[in-house]
Amino acid sequence: MQFIDLKSRHQLIGDKINSRIQKVLNHGQFILGPEVNELEEKLTQYTGCRHCVTVSSGTDSLLIALMALEVGAGDEVITVPYTWISTAEVISLLGAKPIFVDIRPDTWNMDETQLEAAITDRTKAIIPVSIYGQCPDMDVINSIAKKYNLAVIEDAAQSFGATYNGKKSCNLSTIGCTSFFPSKPLGCYGDGGALFTNDDEIAEKFRWIRVHGQERKHHHPILGINGRMDTIQAAILLEILGVFPDEVQKRKNLGLTYSEGLANLSDLETPCIGEHNTSVYAQYTILSVQREQIQQTLKGKDIPSVAYYSVPLHLQPVFHNLGHKAGDFPIAERVANQCLSLPMSPYLCNQDLLKVINAIKLAKQH
Ligand SMILES: Cc1ncc(COP(=O)(O)O)c(C=O)c1O
């Protein structure tokens, strides 16, 4: 059993993908070719957001978002300590300071009740993360941001395809950022990402920044980066988008089956999906104080599992200068100590899923 099965989809649509790639090889516009525009249009239709600007990775989408908001030295950006390093890394790269707010014990997303206390006159933006495929309580976060005139960037690297109050992830705040890293719900065959906004001026800045701050040929009003998505990756994503709605449905069904199978086991928490949310289960993650025991039993049966973010960001050596210590963000630390992600991909068959559930039940009997 694979932790994330990328082969099954390729078996299904590999011929279409190959012919899309061949088309790019034939026209030769490898940088910002027509497929990039076509993909951006399809992604605006899918999310309902006015603008989509594709970029080189999810990390670069976050970096470009902060650059467009002119975040720099002396600024503070609020985010969570339980996430992939990119979310806070880009803040520090620009000379700003990441300010952490703990996560909720149920959804493992930003605890919006602690957000207001973290705002200072240096705060420039808030980056809530849609962890494991479920959005945080964006209405509450947006209304606090509005009160203080702050931008909200949804780190939707793990939640493309999810919904919050019926609206698509990436179209819930000032800016939405996502990743098309291969293992993500909408993954390409290399690195890729996208930015979303309904603001025309911000969208224009995204387009400049992804090409070295260039407004028109040889005219650079602002600093930028080399942040474009490859035409070949856009071509691949165009084909994957065709099966994506079906994959989202499959993910939801698998998440439900996992949660039913693992319900009511002592010392084991399954994902808690808010009633206004649908999750795409970028990962299906459980919490247990018996994590090591469960992981060993799974390993013994050739079932892969991963403990993501087992050291939260405030305890990472690179952020030592922020002066945090163990105990500062107790919920993030508990989740980091107990989390375990199980095999998840749209083409995971029921038989394999049952095998995982039974192995966990067995682990808990010993
Ligand atoms: C929450 C989160 N933010 C940002 C990223 C960065 O995306 P990428 O790997 O495409 O740079 C990831 C991906 O790993 C992620 O999970």
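This one's a predicted model, so the numbers in the text were calculated from it and none came from an experiment. Each ligand, and each atom within it, is numbered from 1 in the order the structure gives.
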Validation row: Val36, Glu40 side chains within 4.5 angstrom (heavy atoms): yes

Of all the atoms in ligand 1, which lie at a distance below 4.0 Å from a heavy atom belonging to Lys184? 12 (C), 13 (C), 14 (O), 16 (O)

Residue of the set Thr278, Thr163, Thr107 for which side-chain contact (heavy atoms from CB on, under 4.5 Å) holds with Gln134: Thr107

For a quick check under 3.5 Å, do Thr120 and Glu76 share a side-chain donor-acceptor pair by atom type? yes

Could you say whether the N/O atoms of Thr59 and ligand 1 ever approach to under 3.5 Å? yes

What residue and atom, counting heavy atoms only, is the protein's closest point to atom 16 (O) of ligand 1, and at what distance? Gln158 NE2, 2.9 Å

Once you measure the plane-to-plane angle for Phe244 and Phe160, does it fall in the parallel (<30°), tilted (30-60°) or perpendicular (>60°) bin? tilted

Return a yes/no value for Phe181: is any of its N or O atoms, backbone included, closer than 3.5 angstrom to an N or O of ligand 1? no

Side chains of Cys272 and Trp108: does their closest heavy-atom pair fall under 4.5 Å? no

Would you indicate which of Gly187, Gly58, Ser86 comes nearest to atom 7 (O) of ligand 1 when only heavy atoms are counted? Gly58

Of all heavy-atom pairs between Ile209 and Ala68, which one has the smallest distance, and what is that distance? CD1-N, 3.5 Å

For Ser57, the ligand 1 atoms with a heavy-atom partner under 4.0 Å come out as 10 (O), 11 (O)

Can you find an N or O of Ser179 that's nearer than 3.5 Å to an N or O of ligand 1? yes

Can you report which non-hydrogen protein atom sits closest to atom 12 (C) of ligand 1, along with the distance? Trp84 CD1, 3.4 Å

Which ligand 1 atoms are under 4.0 Å away from a heavy-atom of Val129? 1 (C)

With heavy-atom distances below 4.5 Å as the criterion, would you say the side chains of Asp328 and Leu315 are in contact? no

The protein heavy atom nearest to atom 15 (C) of ligand 1 is Ala157 CB, 3.4 Å

Atoms of ligand 1, numbered as shown, that sit under 4.0 Å from any heavy atom of Thr83: 1 (C)

Between Arg9 and Glu247, does at least one N-O distance fall below 4.0 Å, as a salt bridge requires? yes

Check Asp155 against ligand 1 and report side chain, backbone, both or neither, counting heavy atoms closer than 4.0 Å. side chain

